[in-house]
Amino acid sequence: MNETQGSIGVFDSGYGGLTILRELQRRLQDYDWLYLGDNARAPYGNRSFEIVYEFTRQAVMTLFERGCHLVILACNTASAKALRTIQQQDLPKIAPERRVLGVIRPTVEALGDISRNGHIGILATPGTVRSRSYSLETAKLYPGMIVTETEAPMWAPLVENGEAHNPGADYFVKKYVDALLEADPQTDTIVLGCTHYPILLPKIRQYTPPHIRIIGQGDLVAESLADYLRRHPEIERRCTKGGKTEYLTTESPDKFNGIASYFMRARVEATQIVI
Ligand code: DGL
């Protein structure tokens with residue numbers, strides 16, 4: 001068979017996708033990964049639909065050019081604002097045999113098993129919240145659930161600027177958790193609907209009552225991808241297996257390597273690219 005193969009692409013506006021990549025590496029150890037962080041243009045959360053779509057399309061094309069047949073948008077904002085257009089309009093024209101998957105659908109699918117009273121709180125970027133993607137997807141799968149979406153516009157910038165563990169972050173962490181719980185005091189499950197947010201988890205946990213579950217997306221996305229690869233052998237056989245990860249960033253590698261090595265608990269050496 002004369003088919004090309006490549007790594008699985010993982011894209012985020014910046015560092016947030018690393019929280020997904022870590023779980024992908026753990027769950028799917030044999031595969032090769034190519035991570036792309038558009039750190040020079042992050043955060044995406046306050047940007048318009050058109051800009052998020054255009055930046056995401058450029059990133060996907062870059063990963064395709066570097067051999068990926070499958071790309072995971074490890075970014076809720078990109079999944080909310082660009083995924084559908086890329087899947088429905090771009091792929092059939094430019095790469096009908098390649099696939100792009102997002103992180104919102106696998107997260108929503110898991111909610112049925114997680115919430116006890118059906119009151120779900122979503123903390124996400126303004127772009128994701130205003131798209132209402134979580135409410136719409138949940139209404140399709142679990143029509144009885146009450147979904148409250150709250151914007152946390154300062155959280156991704158805190159992470160991108162390396163401030164997630166500093167005392168200044170406490171004010172904004174408490175502010176958005178309080179706003180969500182005020183909007184629905186019955187919330188029993190909070191979904192961190194932005195891949196940057198697990199990096200703030202120690203502080204988010206500190207300001208959230210202990211009976212409320214806090215859900216990150218990494219293991220949900222990893223489980224869903226494992227299932228996808230089982231169901232799609234035509235895509236699976238195009239993914240190389242060497243257990244390696246390469247990193248690309250649009251920012252200076254010196255800056256990226258320090259923060260990324262900390263999050264990945266391993267030495268990261270990224271290559272800078274222009275997209
Ligand atoms: N990590 C991204 C997300 O999941 C985007 C954060 C941002 O760039 O504002 O939404």
Side-chain angles (χ1 to χ4, degrees), residues 9-24 35-60 71-84 86 100-108 110 121-135 137 149-164 169 172-173 176 180 190-201 204 214-222 224-225 247-251 255-256 259-260 263-264 275:
V10 179
F11 167 67
D12 181 47
S13 61
Y15 298 110
L18 298 173
T19 65
I20 303 286
L21 177 66
R22 224 163 39 197
E23 296 301 324
L24 293 173
Y35 186 84
L36 170 56
D38 190 9
N39 300 75
R41 301 189 294 191
Y44 282 10
N46 293 308
R47 293 188 185 275
S48 67
F49 176 92
E50 289 73 19
I51 293 291
V52 173
Y53 162 65
E54 184 50 28
F55 286 2
T56 305
R57 196 189 60 78
Q58 292 168 358
V60 167
V71 172
I72 312 300
L73 301 184
C75 174
N76 290 265
T77 311
S79 300
K81 292 184 147 191
L83 179 64
R84 186 179 299 245
I86 289 174
V100 180
L101 305 174
V103 290
I104 294 179
R105 178 81 185 195
T107 306
V108 171
I122 310 288
L123 286 162
T125 65
T128 301
V129 170
R130 288 176 203 174
S131 75
R132 299 199 62 246
S133 300
Y134 275 96
S135 300
E137 285 293 330
E149 299 190 65
T150 297
E151 298 178 7
M154 289 300 289
W155 286 7
L158 285 168
V159 172
E160 282 297 309
N161 288 289
E163 296 288 342
F172 286 108
V173 169
Y176 304 139
L180 174 63
I190 291 180
V191 175
L192 302 181
C194 169
T195 55
H196 280 66
Y197 297 176
I199 294 166
L200 285 161
L201 184 59
I204 299 171
I214 301 173
I215 306 297
Q217 301 175 282
D219 52 345
L220 306 179
V221 172
S224 169
L225 181 59
Y247 296 87
L248 305 172
T249 176
T250 53
E251 247 294 356
K255 189 172 168 210
F256 183 87
I259 296 182
F263 294 134
M264 297 306 289
I275 60 177

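When a ligand or atom number is given, it counts from 1 through the structure's own listing order.
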Please name the pair of heavy atoms, one in Gly193 and one in Ile122, separated by the smallest distance, quoted to 0.1 Å. CA-CG2, 4.5 Å
Whether the Asp38 and Gln58 side chains hold a donor-acceptor pair (N or O, under 3.5 Å, no angle test) is what I'd like checked. no
State which residues pass salt bridge (charged side-chain N to carboxylate O under 4.0 Å, His left out) with Glu149; sequence neighbours excluded, sorted by chain then number. none
Taking all non-hydrogen atoms of both residues into account, name the closest pair between Thr125 and Cys194 and its distance. CG2-SG, 3.9 Å
Just to verify, which of Thr195, Val10, Ile20 counts as forming a side-chain contact (heavy atoms from CB on, under 4.5 Å) with Val221? Ile20
Write down the atom of Ile199, the atom of Tyr15, and the distance for their closest heavy-atom approach. CD1-O, 4.4 Å
With the criterion set at N/O pairs under 3.5 Å, what does the list of contacts between the protein and ligand 1 look like, atom names and distances included?
{"residue": "ligand 1", "atom": "1 (N)", "partner": "Asp12", "partner atom": "OD1", "Å": "3.0"}
{"residue": "ligand 1", "atom": "1 (N)", "partner": "Thr195", "partner atom": "OG1", "Å": "2.8"}
{"residue": "ligand 1", "atom": "1 (N)", "partner": "His196", "partner atom": "ND1", "Å": "2.7"}
{"residue": "ligand 1", "atom": "4 (O)", "partner": "Asn76", "partner atom": "N", "Å": "2.7"}
{"residue": "ligand 1", "atom": "4 (O)", "partner": "Asn76", "partner atom": "ND2", "Å": "3.1"}
{"residue": "ligand 1", "atom": "4 (O)", "partner": "Thr195", "partner atom": "N", "Å": "2.8"}
{"residue": "ligand 1", "atom": "4 (O)", "partner": "Thr195", "partner atom": "OG1", "Å": "3.3"}
{"residue": "ligand 1", "atom": "8 (O)", "partner": "Ser13", "partner atom": "OG", "Å": "2.6"}
{"residue": "ligand 1", "atom": "8 (O)", "partner": "Tyr44", "partner atom": "N", "Å": "2.7"}
{"residue": "ligand 1", "atom": "9 (O)", "partner": "Tyr44", "partner atom": "N", "Å": "3.3"}
{"residue": "ligand 1", "atom": "9 (O)", "partner": "Gly45", "partner atom": "N", "Å": "2.8"}
{"residue": "ligand 1", "atom": "10 (O)", "partner": "Asn76", "partner atom": "N", "Å": "3.4"}
{"residue": "ligand 1", "atom": "10 (O)", "partner": "Thr77", "partner atom": "N", "Å": "3.1"}
{"residue": "ligand 1", "atom": "10 (O)", "partner": "Thr77", "partner atom": "OG1", "Å": "2.7"}

